[in-house]
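Right, one structure below, let's go through it.
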Amino acid sequence: MRTSPARATSLALVVVALCACGDDAVGEIADFGPRPDAGRVEEMGVQEDVGPDAALPDGGAPDAFVAPIEPPAPPAPPDPTCADRWTPTSSPPAAGAVCSPWPAGGQASCPPGEAHFPGTPGCVPIGSDCPVDGWPAAVSGAATVYVRGDAAAGGSGTRDDPFVTIAAALADVTSGTTVAIARGRYDEAPIVVPDGVTLLGACARDTVLGADTTREPTTPMIDAGDGAVVIRDLTLEGPEVDDEGAWTGIGVGGGSLTVESVVIGRVAQLAIGGDVGSTLIVRDVLVSGVRSGGTRGAGVAVGLIEATATVERLVAEGTSGAALYAAGTDARLDVSDFALRDVRPTRFGEGGWGVTAERGAEVVVRRGAITGAVGAGIGANGAHIDAEHIAMERISDRPRRPFGASGVYALAAARVELRHAWLRDCDAVVQSQGSVTLEDVVAWSTAAFPELGAPAGVIVRDGALSARRVVLGPGLQQGFYLSIADATLEDVVVTDTGTDALGLYGNGIVADGSTTLRGERIQMHRTHELGLLANGRTTTVVLSDVTISEVQRRSCADGGCGSASAGVSLGSYGEANVAIDRFVVTDGAFLGVQLASGGTMDLTHGVVRRHPLGANVQTLDFALDRITSSVRYEENERDLDATFLPLPSLRPPM
């Protein structure tokens with residue numbers, strides 16, 4: 001972060017104050033250290049304060065000159081409505097309503113050929129039940145040819161005289177033909193499916209298409225070309241070979257592809273993919289273990305480049321790089337009722353994203369669970385993702401690197417909209433240099449990382465944020481860190497923050513470096529170090545209906561933080577401008593209000609209550625009536641002071 005001349009001066013003053021004050025700055029109000037000159041108090045119009053009932057600038061007692069204060073309106077809570085067949089579940093204290101896509105025991109570990117889809121009670125088989133006679137049950141009509149692996153060679157393709165291989169069946173089919181495949185294993189890939197042909201297995205569990213390992217894996221196991229192809233009730237299983245020699249799954253280039261009731265495992269780079277101009281329908285599919293491979297490295301469950309796909313009921317486990325991927329201005333991906341679990345980085349150490357969009361792609365995701373990603377739950381780079389009813393858990397790359405993973409990641413003018421979402425134990429809730437909308441979102445952490453400290457909250461650098469009905473906490477390292485940002489907060493709660501490994505942070509809201517912040521109905525409770533801080537010449541904060549309560553000292557306060565360890569409820573620094581109407585600032589560990597290094601503030605219709613020091617003003621020539629004329633200062637050990645005091649840390653999060 002660049003340091004302005006004013007900020008450099010204030011930092012120097014902090015060093016002086018730390019040397020002069022020592023650790024007693026919080027507990028001994030009378031010993032803040034020497035004033036810079038003997039006349040400064042009188043020049044600023046602050047009388048020498050001798051106790052909790054000291055006179056304020058007009059000579060009256062606090063209760064005598066301020067009318068009764070109407071309390072600020074409380075934040076509206078997030079909408080508790082769960083998605084269809086999702087269930088309300090227990091939540092941590094003050095975290096708000098939480099919905100889960102799973103029953104009480106969580107997502108089940110299923111046997112081969114079965115999956116647990118969100119909103120269902122447990123494991124279900126993929127596709128049709130396996131018929132007793134071993135033939136697909138849903139076949140009818142004359143345009144059908146039959147394949148059975150144990151048939152005699154030279155069959156004619158009827159049910160009574162089937163082909164012995166899929167290749168033989170496909171050698172002379174016409175558009176509109178169904179290839180009915182009996183139970184068994186067929187190691188024949190790669191298979192090129194002609195236009196208009198359906199491959200139909202008896203059931204996904206027992207109809208397995210493997211690979212011919214004597215052939216180079218240069219094509220997908222099933223190549224739909226540029227035609228219209230349907231794949232149903234099959235399992236694709238790649239060979240047990242090194243990543244460099246592994247097969248991809250099913251691909252279409254410019255045509256239409258339907259993949260329904262299919263299990264795909266042991267493939268590399270891509271399970272189901274559509275290239276330029278393709279249209280895909282994916283329904284009731286289980287993908288597992290898509291490895292990275294080749295020079296590209298990624299291992300994707302469903303991937304599009306300038307293509308369109310609709311995905312319904314997908315479980316993807318153990319992908320490498322990204323589970324769902326779309327790229328290109330003509331890429332459209334619509335996904336519902338999905339579960340992504342254990343999204344790992346590639347073998348080159350990249351990725352680990354659940355849902356990702358790049359280069360102008362449009363992605364819509366509904367009713368999804370993302371668990372165990374190491375990069376991001378939802379990530380956009382120059383693209384748009386619209387997500388609703390999303391549960392994320394353990395989006396984390398720790399302990400390898402702090403804040404290496406985020407629930408939401410937005411880069412390069414990306415737009416991400418996240419509504420009705422619940423995020424637990426993410427390294428950061430949001431990291432953004434784009435535009436992010438949060439609505440009815442609850443995020444908290446139960447994770448413990450002694451070497452790194454608590455996970456981060458919402459971090460926006462050079463981007464835009466809109467947050468409505470959002471609860472952050474408990475257990476996050478801070479609520480919102482905004483730098484060069486345009487942000488609007490409505491009905492927001494930040495509560496019970498944690499700190500980093502050094503005992504620092506735990507902030508409520510930081511508006512830094514040319515940020516514009518507007519908001520209403522905001523509540524910060526039991527944050528550490530500070531409640532709300534504004535810093536920077538062009539930083540402007542305009543809020544109404546604000547409650548800041550019980551701001552704590554840094555958790556390292558007893559272990560070496562010195563006098564800078566005190567909690568500041570509300571601060572304006574570096575020529576920032578803060579205006580707050582209807583507020584309560586109460587029960588903080590040290591300072592209720594602090595202005596320094598040119599920071600200004602306009603407070604109206606509020607109360608500053610029960611702090612060792614109500615207000616500390618270090619900004620020269622500041623008109624004190626801007627923070628006193630309609631503000632009550634109650635039950636503070638001292639109400640106003642102009643001493644140079646330590647300023648809180650303005651370091652950005654790691």
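Each residue takes its place number in the sequence, starting with 1.
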Please report the closest heavy-atom contact between [X] and [Y], naming both atoms and the distance.
X	Y	result
Ser569	Gly588	OG-CA, 4.1 Å
Leu613	Leu591	CD2-CD2, 3.2 Å
Tyr409	Ala376	CB-CB, 4.0 Å
Ser445	Gly475	CB-O, 3.7 Å
Pro101	Ala391	CD-CB, 3.8 Å
Phe590	His611	O-CB, 3.5 Å

[atom1]-[atom2] distance between [X] and [Y], expressed to the nearest 0.5 angstrom:
X	Y	atom1	atom2	answer
Arg468	Thr488	CZ	OG1	10.5 Å
Ile459	Gln478	CD1	CD	5.0 Å
Leu624	Arg626	CG	CZ	10.5 Å
Arg461	Asp512	CZ	CG	9.5 Å
Asp440	Thr81	CG	OG1	8.5 Å

Please check: side-chain N/O of [X] versus main-chain N/O of [Y], any donor-acceptor pairing under 3.5 Å?
X	Y	answer
Thr539	Ser514	yes
Thr604	Ser630	no
Thr515	Ala485	yes

Can [X] and [Y] be counted as an ion pair, charged N to O under 4.0 angstrom?
X	Y	answer
Arg610	Asp587	yes
Glu439	Arg419	no
Arg526	Asp496	yes
Arg518	Asp486	yes

Please tell me if the side chains of Arg367 and Pro118 come closer than 4.5 Å, counting only heavy atoms from C-beta onward.
->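 Result no, sub-4.5 Å side-chain heavy-atom pair not found.
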
With a 4.5 Å heavy-atom cut-off, do Ile509 and Leu489 have their side chains touching?
->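 The answer is yes, as the side chains (C-beta and beyond) meet within the 4.5 Å cut-off.
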
Quick one about [Y] and [X] (side-chain donor to acceptor, distance below 3.5 Å, no hydrogens or angles considered), yes or no?
X	Y	value
Thr446	Asp425	yes
His384	Arg415	yes
Thr495	His525	no
Gln433	Asp462	no

Can you spot which of Val593, Asp581, Val546 makes a side-chain contact (heavy atoms from CB on, under 4.5 Å) with Leu603?
->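 That would be Val593; it is the only one of Val593, Asp581, Val546 passing the side-chain contact (heavy atoms from CB on, under 4.5 Å) with Leu603.
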
Pick one: which of Leu465, Val494, Val436, Leu476 meets side-chain contact (heavy atoms from CB on, under 4.5 Å) with Val458?
->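 It is Leu465; the other options fail the test.
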
Please test Trp422 against Thr89 for side-chain contact (heavy atoms from CB on, under 4.5 Å), starting from the C-alpha separation and ending with a verdict.
-> CA-CA 11 Å; Trp422 303 270; Thr89 187; over 6 Å; no

